[in-house]
Each structure stands twice: as structure tokens, then as C-alpha cells.
Amino acid sequence: MKEDGLIRSPLPRDFYGRDTVNVARELPGCMLVHHTQEGTTAGIIVETEAYLQGDPACHASRGITPRNSPMFGPPGFTYVYFTYGMHYCFNVVSAAEGVGEAVLIRALEPVLGVELMKIRRKRENTHELCSGPAKLTQALAIGKEQNRCDLTGEQIYICLARPAAPLVTTTRIGIREGAELPLRFYLEGSKYVSRK
DNA sequence: TCCGGGATCCTT
DNA sequence: AGGATCCCGGAC
């Protein structure tokens, strides 16, 4: 099966241990996969945002704390945080160890386990399953247990899926300071982004 | 548009 | 110890 072949090879740690903007620009088109007891859910990443050291919107901008410490760890690990009292957001740690940077995954195009996503999201419309950072964590059942996970492992990982495609670059969503920086990227023409 | 919801972190 | 803030989503 074509899709089985695609979900077998996690991106190597070297992919993540590079310039964060490059990582954020190359993740769209890749597939995020999460295996759970309930089943496998996966989707093509269609939207990302880069969070950089020295960037006031970055959780790590004021130094290391218990919450943001995964961002300072080795690249290729997850950083999942809880916000607004009810939502989880999923980030991948990028750049060299000791550099507090990450890429927020903001939207996916559902590919595998779509029926399971519908149950978890309590929504039938495919476009409402993963079109936002907290929607996709709900659809893939990503929570605090998925914080600090190694993305080169077997449970949760990202793999190549589609060839590079045109990207649109915009400012990031929902932030105040650093709002003018062009650090949001999405696949041109995708119907699954959080907003245009 | 508006507000729930709770952890986090800075300020006192 | 208190309160402002938070990379949101869903119901209005």
C-alpha cells in the first residue's frame, strides 16, 4: 500500500537540527503520524509557524522555564503545551541543542484515520478536523503525554509525503509582540489551513 | 463577538 | 499569593 510505505520512515534528527525557518518551510508537505491504541491518525502538514530565539512571541524568549524547557533540548523532540485552559498546541523542537526555538504545527490535511478524527472532534466535516493548532491535537489525540517525545521514534513522527510545493508566507496568527514578522507558512491553495 | 477555562510566570 | 496573560475554539 502506498500510504503504508510513506509512514514508515521518520525524518532524521538532522532534519530538525537546522535553521528553524528552513525547518518551518520544509515541513509543509510532510506527514504527521500518531499511533495510539485507538488507531492511527495522520495528516499532511499544510501550515506552520516559526518561533525564534529573541522573538518576543516565542515561549523561550525570556529564558528557560519548566514549561518551555523542551525547546532548549535536542532537536527532533516534541514540545506540547496547554493553553487557554483547554487547548493543546503541538510544536517540533528545531535548531541546535541549547537554542530555544521550535515550529508550531497549525493545520493538517487529514489522510489516515479520518473516521477516528471525526469521533474525537465530534465533527463530520473533513475541513473542521485539523484546521487549527488545537483542532489537530484533538483529532490526533496529542496531549501532555506527547510532550518531550522523540520524533525519530515509532509512536509519533513526521515523514516525507509530498514533493515541495509553493508556499505562502504571512505574519503569524494570534500574537501581539513580533506580530509583524513573516514567520507563518502555508501550502498555496490548501483548503485545510486555519485561515487565509 | 465574546467568553470559558486553567496553567504558567511575573510581580508584589 | 495574586493576577495578567495565553500561538484558541465554539456558540452567539
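In what follows, every chain begins at residue 1, and chains take the letters A, B, ... in the order their sequences are listed.
Between dG10(C) and Arg121(A), a contact under 4.0 Å exists linking OP1 or OP2 to a side-chain N or O. Between Thr65(A) and dC9(B) there is a side-chain polar atom (N or O) within less than 4.0 angstrom of OP1 or OP2. In this model, the phosphate group of dC7(C) is approached by a side-chain N or O of His59(A) to a distance below 4.0 Å at OP1 or OP2. The phosphate of dC6(C) (OP1 or OP2) has a side-chain N or O of Arg176(A) nearer than 4.0 angstrom.
Applying the 6.0 Å contact sphere to CZ of Arg62(A) captures no more than 12 heavy atoms from other residues, nucleotides or ligands. Shown here is Arg13(A), whose CZ atom has more than 12 heavy atoms of other residues, nucleotides or ligands within 6.0 Å.
Taking the side chain of Met86(A) as heavy atoms from C-beta on, and the options dC8(C), dC6(C), dG5(B), the nearest nucleotide is dG5(B). Picking from dG10(C), dC10(B), dG4(B) the nucleotide with the shortest atom distance to the side chain of Arg62(A) gives dC10(B). Minimum atom distance to the side chain of Phe82(A) is reached by dA7(B), of the listed dG10(C), dA7(B), dC7(C). Ranking dG5(B), dC7(C), dG10(C) by closeness to the Tyr51(A) side chain, first place goes to dC7(C). Among the nucleotides dA11(C), dG5(B), dT8(B), the one closest to the side chain of Tyr84(A) is dG5(B). Side-chain proximity of Ile175(A) to dC7(C), dG9(C), dC6(C): nearest is dC7(C).
When the C1' atom of dA11(C) is taken as reference, atom CD of Glu128(A) falls 13 Å away, rounded to whole Å. Note: CG (Leu136(A)) to P (dC8(C)) measures 12 Å, nearest angstrom. The nearest whole Å value for the distance from the CG atom in Asn68(A) to the C1' atom in dC6(C) is 14 Å. Regarding Leu104(A), its CG atom lies at a distance of 10 Å from the P atom of dC7(C), rounded to whole Å.
Side-chain N/O atoms of Tyr81(A) and base N/O atoms of dC7(C) include a donor-acceptor pair closer than 3.5 Å.
The only option from Val103(A), Val23(A), Val21(A) that meets the side chain to side chain contact (heavy atoms under 4.5 Å, CB included) definition with Thr48(A) turns out to be Val103(A).
Across all strands shown, Arg195(A) has no heavy atoms under 4.0 Å from either base or sugar-phosphate atoms.
Using the Watson-Crick or G-U wobble rule with both distances under 3.5 Å, dC8(C) pairs with dG4(B). Look at dT11(B): its Watson-Crick or wobble partner, with both distances under 3.5 angstrom, is dA1(C).
Contact between Cys159(A) and Ser9(A) at its shortest, heavy atoms only, is CB-O, 3.1 Å.
Of the charged side-chain nitrogens involved, none lies within less than 4.0 Å of a carboxylate oxygen, so that Lys135(A) and Glu128(A) do not count as a salt-bridged pair.
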